[in-house]
Amino acid sequence: MVSLRFHEGRKACFLVLCLFYGLLFLPSCSKDGDEDVLPPDSGIQDGSGESQENEEGSHSQPGKDLLLGTWGLIHSVSDEWKTVITFNEDGTYTASDYYIDMNGEYTEFEGTSEGRYDFDGVSLSIKLGSGEGTVLTGDYEVLVLTQSELRIKSENYEAHGTKESGTGEGGEDGNRGPVSEAFMGNGTKTDPYLIMTAADLRKLSDDVRNGTSFRGVFFRMENDIVINRNVLTSAGNLNGSGNNFEQWIPIGAEKTPFSGSFDGNGYSIKGIYIDADEDDSNIWGLFGCCTGSISNLDLKDSFIRGRGNIGGIVGGKYEILGDMKDDYSPKLFHCRNYATIEAIGKTSYIGGCVGRCSYAMIDHCANYGILLSDNDNSTVGGGIAGATNGTLVLNCYNEGDINTVRGGGIAGFLSEDGRMENCFNNGCIETKTAGGLCVLASINSSIVNCVNYGEVFGRGVGDAICPNVQSTDLSFVYYLETSVTTDSEDGISMTAKQMKGTSFLKTLNSNAKNLGSDYDRWITGKDGFPVLEWSEEL
């Protein structure tokens, strides 16, 4: 539900901007000599725009059938404003204007306004109706109109968006919100499909669930997106019973994985809520099963509870076989998780970013979320990943607390040719079997240039680095001597003074440089301990 509070100041500012750009008073017309270039399927015909007479003598308006319905239009004057407008067949419209705050939350102004519109296939006039009307009131040139995309323009102002349809209410998906009919864009690297609203994100979930893998297809977020509000308390616990929240359907499943490229573009997704049945062992997360790439995305104010492979960003990432592997190997880049993740029932693998993955790359990712599980199961948890196989984890860090049966600061299991490089843990690991960096490092795996200064409390076994090392290469691995009550058999113990010294910082950076150009620099963090440079971006 949106808030009905009226922010006089913000709307006044927006109206001033509209006046400045000519929205309210400048007519919409093409400049002399300009030609409109319309897509073949636009539904808009070239010509004068006059109504055309059919064989029976009645008049039709080209493209009007495409215009009918509900559109979510973002304003080019300021992307902090959106109008949801419904064009009815009888020439009337209803509209609601929203202000989008810095947290991605919507505040509705004035409630719903009503009025009339004229559309001749080329020009659209939205007339002042009851109340103060919508901020879209004015005359426009229609640049693009398809079944899924609308772009309108006055002389110096544009609004654009996609058609929104369906609520899912009363269906098998419970209290699900609207689902877009189509994406804006073409899905190419230079013109990706745009994820602008929660409705677009639901459409992506539906399309992948119905069998479209989107392999080789590109997506890019254009706004922060909110599915539910106030899912977590300030302590990171579920806010209430969760009965009023929309249950999120993960993007991709084991038989229908997401194989495209999803760029969060530095925006965040908030309000993912999943509360799965204990008997339903599956793949849970914002994305379920993914064999593509996900980048530049934060997941905030979210709660995921279930059994199986569970991750904040991705439940499971698996190897792509064949000739696509080199170009499209699974990759998670520059993603941060703030969600609380809880495992229930029997064996689960849970991670702040990824639940379980094979032959993937996790680069520049971080976890701030809480990981939990029942004490009587065999859950394995890791700040970045619950279990990895043949996966490279680099330039990652964990600040979240982990309270599972078995838990590691960066990874739970680092298995068979797995590599952990240039990472640090500052989260508190309080589990039955605890490791500052991981719980198990199996044959042929390696840990290089990593640091743990988070507290490690093993209710059974605790180790500042890893309690179970099997033929693993540990090189330049360091831990704070007070992070555990007993010395670790692996790694180099350091005092706080040594760890905060400039000579140690130089050592870490020298090691990182020797690893290659893809490895992040170390700097002194706010509390004096070394951190990766990119971690200070917040």
Side-chain angles (χ1 to χ4, degrees), residues 309-311 313-319 329-332 337 347-367 371 378-398 400 402 404-427 429 431-452 454 456 458 461-479 483-484 488-492 511 515 519 532:
N309 299 325
I310 314 167
I313 308 296
V314 184
K317 292 174 74 74
Y318 297 94
E319 177 184 18
S329 59
K331 184 175 182 180
L332 196 68
N337 173 64
T347 303
S348 293
Y349 295 97
I350 67 174
C353 295
V354 183
R356 189 176 185 180
C357 58
S358 297
Y359 302 98
M361 178 184 289
I362 306 173
D363 185 8
H364 282 81
C365 290
N367 175 60
L371 305 186
S378 55
T379 293
V380 177
I384 301 300
T388 69
N389 182 48
T391 292
L392 172 60
V393 181
L394 70 158
N395 303 317
C396 295
Y397 68 92
N398 173 57
I402 299 174
T404 56
V405 177
R406 291 174 285 179
I410 301 299
F413 288 172
L414 186 69
S415 303
E416 297 181 14
D417 301 314
R419 294 158 55 194
M420 182 191 302
E421 300 174 350
N422 222 46
C423 300
F424 75 87
N425 172 61
N426 189 33
I429 317 300
T431 65
K432 185 176 180 180
T433 304
L437 295 177
C438 62
V439 176
L440 167 68
S442 69
I443 298 173
N444 296 327
S445 60
S446 63
I447 303 176
V448 182
N449 206 44
C450 294
V451 182
N452 173 59
V456 179
V461 178
D463 190 280
I465 302 299
C466 179
N468 192 349
V469 177
Q470 303 172 356
S471 301
T472 301
D473 176 23
L474 272 69
S475 303
F476 310 115
V477 180
Y478 312 89
Y479 68 93
S483 62
V484 290
S488 173
E489 295 182 2
D490 305 289
I492 302 170
N511 296 338
L515 285 171
Y519 291 83
L532 294 170

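In this structure, CD1 on Ile492 lies 9.5 Å from OG on Ser475, to the nearest 0.5 angstrom. From Asn468, atom CG reaches atom CG of Leu414 across 11.5 Å, with rounding to the nearest 0.5 Å. Between the CD atom of Glu421 and the CG atom of Asp363 there is a distance of 10.5 Å, given to the nearest 0.5 Å. Going from atom CG of Leu392 over to atom CG of Asp417 covers 11.5 Å, rounded to the nearest 0.5 Å. Within the model, atoms CG of Leu332 and CE of Met361 stand 11.5 Å from one another, a figure rounded to the nearest 0.5 Å. For the atom pair Leu394 CG and Met420 CE, the distance stands at 11.5 Å (nearest 0.5 Å).
Nearest heavy atom pair, residue Tyr349 against residue Ala387, reads CD2-CB, 3.4 Å. Across all non-hydrogen atoms, the minimal contact from Cys466 to Ala441 is SG-N, 3.6 Å. Gly407 and Ile402 make their closest contact through CA-CG2, 4.2 Å (heavy atoms, listed as atom of the first residue, atom of the second, distance). Phe413 approaches Leu440 most closely through the heavy-atom pair CD2-CB, 3.5 Å. Taking every heavy atom of both residues into account, Pro467 and Cys438 meet most closely at CD-O, 3.4 Å. Annotation for Ala464 and Ser483: closest pair CB-OG, 3.7 Å, computed over non-hydrogen atoms.
For the pair Val477/Asp490, no side-chain contact is recorded, criterion being any heavy-atom separation below 4.5 Å from C-beta on. Counting heavy atoms from C-beta outward, Tyr397 and Asn367 have side chains that stay 4.5 Å or more apart. Annotation: side chain of Thr379 is in contact with side chain of Ile350 (closest heavy-atom distance under 4.5 Å). The side-chain heavy atoms of Asn452 and Phe424, taken from C-beta on, include no pair separated by under 4.5 Å. Side-chain atoms of Ser415 and Asn389, non-hydrogen and from C-beta on, do get closer than 4.5 Å to each other. Contact annotation: the side chain of Arg419 never approaches that of Val448 to less than 4.5 Å [non-hydrogen atoms, C-beta and beyond].
Sparse packing is recorded around CD1 of Ile443, with 12 or fewer heavy atoms of other residues, nucleotides or ligands lying under 6.0 Å away. Other residues, nucleotides and ligands contribute only 12 or fewer heavy atoms inside 6.0 Å of the CZ atom of Phe476.
In this structure, Arg356 contributes its side chain and Gly386 its backbone to no donor-acceptor pair below 3.5 Å. A donor-acceptor pair under 3.5 Å links the side-chain atoms of Ser442 to the main chain of Glu416, judged by distance alone. A donor-acceptor contact shorter than 3.5 Å is absent between the side chain of Thr388 and the backbone of Ser358.
Using modelled atom types, one finds no donor on one side chain facing an acceptor on the other under 3.5 Å when comparing Thr431 with Thr404.
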